[in-house]
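Everything numeric in this text was worked out from a predicted model, so none of it was measured.
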Amino acid sequence: MSSGLTAYTCTPRETKAFVIDCMMAGLVPFIQSSPAMGKSAIVAQIAREYNLKLIDHRLSTSAPEDLSGLPHFKNGVASFVPFDTFPVEGTELPLWPGETERKFDAEGNCINCYAGWLLFLDEFNSATKMVQAAAYKLVLDEMVGQTPLHANVRIVCAGNLATDRAIVNPISTAMQSRLIHITMQMLPGAAGVKEFLQDVALPQKWDMRIVAYLSYRPGALHDFRPDHNEKTFCAPRTWEFMHKLIRGKTFNFVKKMDENGHPIEVYEMEAKAALFAGAITSGEAVNFITFTKVFHSLPKVKDIVDDPTGTTVPTDGATRFATITHLVEHVDDKNFDPIAEYINRFTAEFRVLFFRALMIQKPELKKHQAFRKAMVDLSRYLHDDIAAAA
């Protein structure tokens, strides 16, 4: 159990591990959390790691016959025929995307196929009672109507919490005992951001301006409240929207003329304020845009490489976080020694962020002497990271 949570809740990282435990045991987990916390992303990640084809089926839009099949008459006898949504006995393992012909190893195993399927029943508790009843056999007996699912199918369910004003229906007692219930909740503050950066943002190479901002303002990662008045809220999903909106884009200060013909300097990102507000709320959009301005006043990488002991170290937190993430992007084997020397002039909090990001985004630098020295100096802060990387 993680610090800050109760025995009845778990972090996203723990949720992933528990879902895998259930799958290995042949049981069906049911993940519940507030909206936009990344339930679907966790399931998709598991599918990729275990070479399973993901089938995303929304129970909220299903009819009972979707799960039981349609009646079929043959020789005067009726039986139920399942939809091809569900892989049943006799279904061939699916080919990877882009593959058209099966290839086999010496033992006859397909080497360009998925190992099976991960059937993701999302919006599970938004289904009607009739659909829930139709799902009994699917969840417990792994059957679609009268037809068994393929042996290589694993099932995961997910849904939102009733306390979050989401559209949910009570799960019957009959269904409750067919599931392993997992309630997901983020660790508060910096601890939650640390886990999120390690497990999501850094491995997926999110825009480093977002990494810096969330490190600077950890409370901005997830501020969902059921009674909020904004059109949206900050959450892992909406920050992913932001990453997609700004990745690969540069926003500069440009000179323009105001309505009176006077020259003024305008920050290009400010023109996107209304767009960003539609993802992370108006207040957070303004804060984020203001924060990113510091990226235009950072110490130059060349100056740091030429004079790592003399180049000024920023004194305010925003610029320090921006400098750290900026250097993560630009460090390589050739300039690592002077950049590491410069980084070592920062306090432990910023040094830890720098080397933690390197472990995830540029693992080839772990062989560098400067990296090994940093691991010794920061071992008490990076103990878990070092163990994971071993």
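- Using the six-membered ring where Trp is involved, Phe346 and Tyr342 have ring planes that are perpendicular, over 60° apart on the 30 and 60° scheme.
- In plain terms, the two heavy atoms of Asn160 and Pro35 that are nearest each other are OD1-CA, 3.6 Å.
- You'll find the side chain of Val200 reaches within 4.5 Å of the side chain of Trp206, heavy atoms only.
- Sequence neighbours left out, not one pair with a member in residues 248-344 passes disulfide bond (SG atoms under 2.5 Å apart).
- The number of heavy atoms from other shown groups lying within 6.0 Å of CG (Leu70) is above 12.
- A cation-pi arrangement, defined by a distance under 6.0 Å to the six-membered ring centre and an angle within 45 degrees of its axis, is present between Arg178 and Tyr136.
- Salt bridge absent: Asp258 and Lys256 never bring a charged side-chain N and a carboxylate O closer than 4.0 Å.
- Thr311 and Asp303 form no side-chain donor-acceptor contact under 3.5 Å, judged by distance and modelled atom types alone.
- The cationic group of Arg320 lies under 6.0 Å from the six-membered ring centre of Phe350 and within 45° of the ring axis, placing it in a cation-pi geometry.
- Glu284 is listed as a side-chain neighbour of Thr281, based on a closest heavy-atom distance under 4.5 Å.
- Ring geometry for Tyr213 versus Tyr216: interplanar angle of 30 to 60°, hence tilted.
- Between Asp207 and Arg209 there is a salt bridge, since a side-chain N of the basic residue sits under 4.0 Å from a carboxylate O of the acidic one.
- Leu95 places none of its side-chain heavy atoms less than 4.5 Å from the side chain of Tyr114.
- In this structure the side chain of Phe276 reaches within 4.5 angstrom of the side chain of Met269, judged on heavy atoms.
- Leu119 is not listed as a side-chain neighbour of Arg154, based on a closest heavy-atom distance of 4.5 Å or more.
- Salt bridge absent: Arg247 and Glu240 never bring a charged side-chain N and a carboxylate O closer than 4.0 Å.
- No side-chain donor-acceptor contact under 3.5 Å links Thr85 and His57.
- Between Ile304 and Pro338, the closest side-chain pair of non-hydrogen atoms is not below 4.5 Å.
- Residues satisfying the ring pair (Phe, Tyr, Trp, His ring centres under 6.0 Å) test with His296, not counting sequence neighbours, are Phe253, Tyr267.
- Using a cutoff of 4.0 Å between basic side-chain nitrogens and carboxylate oxygens, Glu49 and Lys16 are scored as salt-bridged.
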